[in-house]
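Shown next, in structure tokens, is the structure this report addresses.
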Amino acid sequence: MVLLDIDYITRDDKAVVRLFGREKNDPTGNSIIVLDKGFKPYIYVVPHDLDPCREQLEELDVLNVEKVEMKDLGREKEFLKVTLKHPQDVPKLRDTIRDLSQVEDIREHDIPFYRRYLIDKGLFPMGEVEVEVETASPEMNCVSSDKGASIVELKGQIRPVNSDFPELKILSLDIEVYNPKGMPNAEDDPIIMISLSSNQGLRMVISTAESPLDFAETVEDEAAMIQKFVEIVEDENPDILIGYNSDNFDFPYIKDRAAILDIPLNLGTDGSCLKFMKRGFTNAALVKGRIHLDLYLIMRRYLQLDRYTLERVYLELFGQEKYDIPGDEIHQYWSDGGERLEKLFRYSLDDAVAVTEIAEKMIPLTLELTRIVGQPFFDVARMTTGQQVEWYLIRKANEQGEVVPNKPSASQYSNRRGKRASGGYVKDPVKGLHENIVYFDFRSLYPSIIISKNVSPDTLVDECNPEKCHISPEGGYMFLKEPPGFVPSIIGNILTERVRLKTLMKESTDDEEKKILNVQQEALKRLANSMYGVYGYSRFRWYRLECADAITAWGRDYIKKTMEKSEKFGFKPVYADTDGFYAVYEGEVSD
DNA sequence: GGGTAGCGGGG
DNA sequence: GTGTACGCTACCC
């Protein structure tokens with residue numbers, strides 16, 4: 001099956017992992033939920049003295065304490081792996097454990113249970129998994145509707161299978177709200193239209209208003225509108241539900257109105273209701289078994305624009321103006337009826353269709369990142385690139401037997417926040433209109449420096465024989481030449497894989513295959529380029545200002561030396577920034 | 001200059 | 001849920 005999402009529930013005080021999937025490569029395939037009772041939460045403990053520490057830990061209410069050999073920034077160390085009864089025991093017990101006299105530190109105590117599962121089992125969301133299962137016992141079946149997923153229990157192996165991109169069924173939605181007083185308020189202002197658009201041809205506007213338009217679906221009242229919406233989601237059974245700013249507008253609004261009208265919103269494949277997760281100060285709307293994607297977040301990440309309205313984004317991607325009704329006029333179009341109402345119907349559907357079109361263009365990259373980072377699509381779509389890098393590194397660390405560094409404490413974080421790595425070299429532009437301009441740039445300057453100078457927290461040393469070290473031109477930071485550091489070796493693998501994909505892309509004669517390979521190599525490039533950031537951003541586990549500083553120091557050195565060299569060949573640099581410079585050719589100059 | 005409050009998208 | 005955004009600008013003192 002295709003693994004769409006994952007979470008866990010508690011049954012008999014025990015955690016049961018739920019894998020949400022769909023029958024492989026068949027968008028009309030059935031939804032499946034696989035239950036796995038066999039996975040236990042654990043953390044690592046750094047002991048002062050192994051045996052006394054073990055004794056202290058065994059007195060606690062835990063399942064098991066076991067000695068393990070793991071690496072900590074490249075150095076072999078002995079840890080105690082403490083297995084707990086329930087994921088929620090981790091936050092409950094971790095302070096107690098950390099405060100034990102024989103405990104030096106605790107590690108990997110903040111890795112969500114389902115993420116730990118994916119990493120340990122080597123599973124990749126949106127990839128295919130093979131499972132040995134049997135029909136689940138009835139008490140595990142929490143589906144309220146006969147349209148929901150079939151539920152099975154894992155009885156044996158679960159393993160990843162290499163496969164192509166899954167074919168996904170997507171359904172976009174957009175609501176219109178009656179809003180005579182400006183921004184609508186869910187307590188007073190009803191939903192007047194719910195528009196839906198799928199990548200399989202569905203186009204529909206559910207409304208209480210009558211309309212001769214063929215995509216209009218007229219219902220009795222607002223309650224029926226929401227009910228019809230739930231029915232269509234069940235019938236269409238999409239893998240991905242998409243909206244624009246739907247985390248913070250459409251879904252919260254639908255939820256509030258459904259609560260007022262007393263309509264159950266069981267949109268999940270397990271029959272569960274729409275839920276919200278607090279993520280900082282904003283929400284993420286969650287539909288179990290489907291992936292809710294808020295395109296607004298994606299567009300902010302991938303486009304560099306002054307504004308991110310749906311209209312602006314559509315124009316940027318497709319070069320076409322979208323017909324727009326200003327928000328504060330919607331209630332008038334609604335009340336006017338006739339031609340104006342028809343325009344509102346068209347506008348509403350247009351928005352949903354635009355969301356589908358944008359999604360089809362934007363989903364491949366996020367899909368690819370999901371399959372590299374190895375965390376749920378829902379999560380990856382809401383992560384910053386820095387977080388994507390971090391979870392990728394956490395998975396890699398695990399593969400290499402490395403214990404992951406802790407997140408910074410509040411005080412470490414505020415300490416780091418004031419500091420900043422020095423930047424790239426910038427030469428102010430020479431004023432004027434320049435002709436015969438040439439541009440020089442370094443391909444992937446920072447990733448190249450990380451690899452060639454082996455810049456990594458585990459290779460950074462205080463003192464070292466200069467022959468065995470790379471020493472940065474400013475700051476004099478020293479990095480061992482051998483062995484390859486954790487981050488450099490990973491970037492190395494990424495770049496090697498990228499070269500392989502680019503070669504395949506050039507050799508390929510199939511346009512569709514070329515496109516997919518291109519998305520894949522772009523995703524790897526993004527990841528490699530953002531890897532430098534982990535060293536300089538205060539919240540990161542592999543934060544090391546010395547590394548960030550050393551990288552930019554080498555960067556400035558390379559670009560300045562290249563500019564000097566270019567002058568010997570008759571070029572006059574007029575502007576430079578970080579990894580490239582512009583120069584005017586002024587003819588042969590001898591030195 | 002240093003520090004903080006407020007904002008984005010959505011109707 | 002093994003959780004609490006983010007990066008920028010406007011404006012204040």
Side-chain angles (χ1 to χ4, degrees), chain A residues 7-10 15 39-44 82-95 97-98 106-117 119-120 173-186 188-195 243-254 257 275-286 294-301 304-313 324-334 344 347-348 351 355 379 382-387 394 404 406-407 410 413 417-418 537-539:
Chain A
D7 72 355
Y8 83 88
I9 52 172
T10 302
F39 191 66
K40 299 291 173 208
Y42 63 87
I43 66 170
Y44 294 112
V82 180
T83 306
L84 296 103
K85 291 180 175 170
H86 191 275
Q88 305 243 337
D89 289 349
V90 177
K92 272 185 209 152
L93 285 175
R94 71 180 154 206
D95 290 333
I97 295 175
R98 192 177 5 224
I106 55 171
R107 302 283 287 274
E108 303 200 7
H109 54 83
D110 52 6
I111 295 177
F113 190 56
Y114 67 93
R115 295 196 176 178
R116 165 59 77 200
Y117 186 91
I119 293 169
D120 285 25
L173 71 137
D174 179 47
I175 64 168
E176 309 305 325
V177 171
Y178 185 69
N179 59 326
K181 298 186 295 262
M183 270 313 284
N185 173 354
D188 309 318
D189 304 322
I191 298 171
I192 52 178
M193 291 178 179
I194 300 178
S195 301
Y244 200 79
N245 201 26
S246 41
D247 268 342
N248 288 295
F249 182 73
D250 300 69
F251 275 123
Y253 208 94
I254 292 171
R257 292 304 297 174
K275 286 190 182 58
F276 290 91
M277 278 172 63
K278 275 228 164 77
R279 294 176 69 94
F281 306 113
T282 59
N283 282 325
L286 196 80
D294 185 343
L295 264 193
Y296 168 62
L297 302 165
I298 303 287
M299 301 326 291
R300 290 202 62 143
R301 182 144 335 123
Q304 190 61 43
L305 300 175
D306 47 348
R307 297 166 52 71
Y308 293 89
T309 59
L310 187 56
E311 285 71 28
R312 180 68 189 86
V313 163
D324 187 29
I325 296 180
D328 54 5
E329 292 174 26
I330 285 173
H331 68 282
Q332 290 166 356
Y333 278 72
W334 174 255
L344 184 59
Y347 160 74
S348 185
D351 270 8
V355 168
D379 295 12
R382 287 169 178 75
M383 283 179 189
T384 62
T385 32
Q387 290 168 321
I394 289 172
V404 173
N406 285 335
K407 275 198 276 200
Y413 175 58
R417 272 195 60 172
Y537 298 146
S538 5
R539 253 183 291 100

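Naming: A, B, ... by sequence-line order, numbering from 1 per chain. The analysis underlying the following values was restricted to heavy atoms, covering all of them including side chains, and did not include hydrogens, waters or symmetry mates.
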Ring centres under 6.0 angstrom apart (A:F251, A:F276):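 Ring centres of A:F276 and A:F251 not closer than 6.0 Å.
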Give the rounded distance in Å between these two atoms: [atom1] of [X] and [atom2] of [N].
| X | N | atom1 | atom2 | answer |
| --- | --- | --- | --- | --- |
| A:E311 | B:dG10 | CD | P | 6 Å |
| A:M183 | B:dG10 | CE | P | 9 Å |
| A:I394 | C:dG3 | CD1 | P | 13 Å |
| A:D120 | C:dT2 | CG | P | 14 Å |
| A:D188 | B:dG11 | CG | C1' | 14 Å |
| A:L310 | B:dG10 | CG | P | 7 Å |
| A:R116 | C:dG3 | CZ | P | 13 Å |
| A:N406 | C:dT2 | CG | P | 17 Å |

Could you pull out the protein-nucleic contacts involving nucleotides 1-4 of chain B (nitrogen or oxygen on both sides, under 3.5 Å)?
none

With sequence neighbours left out, what residues match [X] under salt bridge (charged side-chain N to carboxylate O under 4.0 Å, His left out)?
| X | result |
| --- | --- |
| A:R94 | none |
| A:D328 | none |
| A:R312 | A:D306, A:E316 |

With a 4.0 Å cut-off on heavy atoms, is [X] in touch with a base, just the backbone sugar-phosphate, or nothing at all?
| X | answer |
| --- | --- |
| A:D110 | base |
| A:G182 | base |
| A:Y537 | nothing |
| A:F113 | base |
| A:M277 | sugar-phosphate |
| A:Y178 | nothing |
| A:I175 | sugar-phosphate |

List in chain and number order the residues that pass side chain to side chain donor-acceptor pair (under 3.5 Å) with A:T10, two or more places apart in sequence or in another chain; answer none if no residue qualifies.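 A:T10: side chain to side chain donor-acceptor pair (under 3.5 Å) contacts with A:H86.
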List in chain and number order the residues that pass side chain to side chain donor-acceptor pair (under 3.5 Å) with A:K275, two or more places apart in sequence or in another chain; answer none if no residue qualifies.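 Side chain to side chain donor-acceptor pair (under 3.5 Å) list for A:K275, sorted by chain: empty.
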Counting only heavy atoms not in A:Y537, do more than 12 sit closer than 6.0 Å to its OH atom?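 Result for OH/A:Y537: open.
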At a cut-off of 3.5 Å, list every protein nitrogen or oxygen paired with a nitrogen or oxygen from nucleotides 4-7 of chain C, distance to 0.1 Å.
from	atom 1	to	atom 2	distance (Å)
C:dT4	OP1	A:K407	NZ	3.4
C:dC6	OP1	A:R539	NH1	2.8
C:dC6	OP1	A:R539	NH2	3.1
C:dC6	OP2	A:R539	NE	3.0
C:dC6	OP2	A:R539	NH1	3.2
C:dC6	OP2	A:R539	NH2	2.4
C:dC6	O5'	A:R539	NH2	3.2

Which one, [options], comes nearest to the side chain of [X]?
| X | options | answer |
| --- | --- | --- |
| A:I111 | B:dG10, C:dT2, B:dG11 | C:dT2 |
| A:D351 | B:dG10, B:dG11, C:dT2 | B:dG11 |
| A:V177 | B:dG10, B:dG11, C:dT2 | B:dG11 |
| A:Y8 | B:dG11, C:dT2, B:dG10 | C:dT2 |

For A:E108, side-chain contact (heavy atoms from CB on, under 4.5 Å) partners two or more places apart: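 Partners of A:E108 under the side-chain contact (heavy atoms from CB on, under 4.5 Å) test: A:Y44, A:I111, A:R116, A:V403, A:V404.
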Identify the residue among A:L295, A:T309, A:D351 that makes a side-chain contact (heavy atoms from CB on, under 4.5 Å) with A:Y244.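 Only match with A:Y244 under side-chain contact (heavy atoms from CB on, under 4.5 Å): A:L295.
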Using ring pair (Phe, Tyr, Trp, His ring centres under 6.0 Å) as the criterion, list what pairs up with [X], not counting sequence neighbours.
| X | result |
| --- | --- |
| A:Y333 | none |
| A:Y347 | none |
| A:Y253 | A:F249 |

I need the residues from residues 84-92 of chain A with at least one non-hydrogen atom less than 4.0 Å from DNA chain B; give them sorted by number, or say none.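 Result for residues 84-92 of chain A: none.
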C1' spacing across the pair C:dA5 / B:dG6, given as an integer number of angstrom: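 Rounded to whole Å, the distance is 14 Å.
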Which whole number of Å gives the distance between the C1' atom of B:dG11 and that of C:dC6?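 My reading of the C1' atoms in B:dG11 and C:dC6 gives 25 Å.
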For C:dT2 and A:Y114 - does any side-chain N or O of the residue sit under 4.0 Å from the phosphate oxygens OP1/OP2?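 Answer no for this pair, as no side-chain N or O of A:Y114 is under 4.0 Å from OP1 or OP2.
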Counting only side-chain N and O atoms of A:R312, is one of them less than 4.0 Å from OP1 or OP2 of B:dG10?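 For B:dG10, neither OP1 nor OP2 has a side-chain N or O of A:R312 closer than 4.0 Å.
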With the side chain counted from C-beta on, respond yes when A:Y296 and A:N248 share a heavy-atom pair under 4.5 Å apart, and no when they do not.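 When only atoms from C-beta onward are counted, A:N248 and A:Y296 do not touch, as no gap falls below 4.5 Å.
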